[in-house]
2 protein chains.
Amino acid sequence: MDLPPATAAFVLHFGEMGSRWGINRTVGQIYALLFLSDRPLCADDIVAQLGFSRSNVSMGLKELETWRLVKLQHLPGDRREHFTTPDDVWQIVRILAEERRKREIDPTLSLLRDVLMQKPATRADEHAQGRMENLLEVISLLTGWMDDVKSLPDERLIALLKLGGRVARVLEATERFQDIVTRRNRPSKKA
Amino acid sequence: MDLPPATAAFVLHFGEMGSRWGINRTVGQIYALLFLSDRPLCADDIVAQLGFSRSNVSMGLKELETWRLVKLQHLPGDRREHFTTPDDVWQIVRILAEERRKREIDPTLSLLRDVLMQKPATRADEHAQGRMENLLEVISLLTGWMDDVKSLPDERLIALLKLGGRVARVLEATERFQDIVTRRNRPSKKA
DNA sequence: CAGTATGTTCAGGAATTTCTGAAAATCAAG
DNA sequence: CTTGATTTTCAGAAATTCCTGAACATACTG
């Protein structure tokens, strides 16, 4: 591997990171290389740069395609398949969020819903189902939020993120104001 | 494993999910069992319920402790160590977010910053560094948002999530209104 | 059609990770 | 200090995952 040092460092790091997720090291490296490249790469380019076997690269690219993380394209006058990543990092974030949701969250939600249909048989069962209900509620809220912001254009999403928790603080102030106006006390721990 | 069916289904599912992340199957199952249990469990309880070797359970609990996902406690009159998960699912979400950040995001940010200090040597290098800058910006924004909402109390966080993208739409409306007031056109693609 | 370039599949070897049992360490209680 | 209960460690067995090379498939070219 005779990559420029910056690229090499990134590729290696990404490989390690990949293996902390479901993705294996070589697939992570292939993706990182494509992400940094200033032109579409074909399988042989990747073999040349990373030194994996041709078949490994082929399988890695296949996997990245199932994740929709790379796009196949043909260069004029070249029969070989070339691959790129989307230019826009926000686009990549959106795709990742969608794919992980499809693969991890949705099956979990469906399992929780199935299980919660059953009648608890024992006291312990009842407790367990209560826990699963809590979990279902939290996951639903989080994914609901994701669904909601997903439809925003990038600039809006960015603005929203920059706003951060301030929105909530405005909400809080408003509520406090309302309490004053309506002469109620701020809600105590109990009420 | 003679668990009630709802618990068994959840434990097995969680094990599989765990292995899609860095966590291995047995550790995932141990965690799921503790999460559902209505009382603290000791290592031998877990051995009895899941059928792993004692030493495997011991190591699994160690790993869960490093993730701060389980808490050790002692029951009166029992010398054995017992384990629980936090009662509050939001608390669990917060811990997970912090730990993953510490283990995955922070090292990535520091690598990107390091690499971006170097002067690009070639045109391709320059492009690669540009990509890394884009990535750094996106990650910074996302983690900045997380830092910001992390400090909100649960109820505020929940309110914020329920609000979803509506905040952004209010923002947009406001901006459009401002454009009208100041007699500017809505910003075009170019300007 | 033959020949060549390109892409895919897959059996099995290599590497890694997981899991276990046995031994060692720790610790409370007598 | 000794005993027994509990937990930890760790070498290596077992299981899993990864990777490769060779064979095969496909499709373009002349």
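Side chains included, hydrogens not; waters and symmetry mates left out as well; all remaining heavy atoms used. Order of the sequence lines sets the chain letters (A, B, ...), proteins ahead of strands, with each chain counted from 1.
Rounded to an integer number of Å, the gap from NE2 of B/H74 to P of C/dT26 is 16 Å. Per the geometry, CG belonging to A/D45 stands 11 Å off P belonging to C/dT6, to the nearest Å. Distance B/D78 CG to C/dA29 C1': 15 Å, rounded to the nearest Å. Here the P atom of nucleotide D/dT6 and the CD1 atom of B/I46 are 15 Å apart, to the nearest Å. Residue B/L50 contributes atom CG, which lies 14 Å from atom C1' of C/dC19 at whole-angstrom precision. Per the geometry, CD belonging to B/E63 stands 13 Å off P belonging to C/dT17, to the nearest Å. C/dC10 atom C1' lies 14 Å from atom NZ of A/K62, rounded to whole Å.
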Would you check, one step at a time, whether the test side-chain contact (heavy atoms from CB on, under 4.5 Å) holds for A/L50 with A/T26?
-> CA-CA 9 Å; A/L50 299 181; A/T26 51; over 6 Å; no

Evaluate side-chain contact (heavy atoms from CB on, under 4.5 Å) for B/Y31 paired with B/I23, printing each intermediate quantity in order.
-> CA-CA 10 Å; B/Y31 184 74; B/I23 288 163; over 6 Å; no

Between A/I95 and A/W67, is a side-chain contact (heavy atoms from CB on, under 4.5 Å) present by the stated rule, with each step listed?
-> CA-CA 8 Å; A/I95 292 173; A/W67 278 87; over 6 Å; no

Kindly determine whether A/E98 and A/R101 satisfy salt bridge (charged side-chain N to carboxylate O under 4.0 Å, His left out), including the steps that lead there.
-> CA-CA 5 Å; A/E98 278 171 28; A/R101 191 218 167 109; over 6 Å; no

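Between A/R94 and A/D154 there is a salt bridge, since a side-chain N of the basic residue sits under 4.0 Å from a carboxylate O of the acidic one.
For the atom pair A/M17 CE and A/R20 CZ, the distance stands at 4.5 Å (nearest 0.5 Å).
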For every nucleotide of nucleotides 14-30 of chain D, 5' to 3': is a protein heavy atom under 4.0 Å from its base (B), only from its sugar-phosphate (S), or from neither (-)?
-> ----SSBB------S--

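In this structure, the nucleotide among D/dT6, C/dT6, D/dT9 sitting nearest to the side chain of B/R80 is D/dT6.
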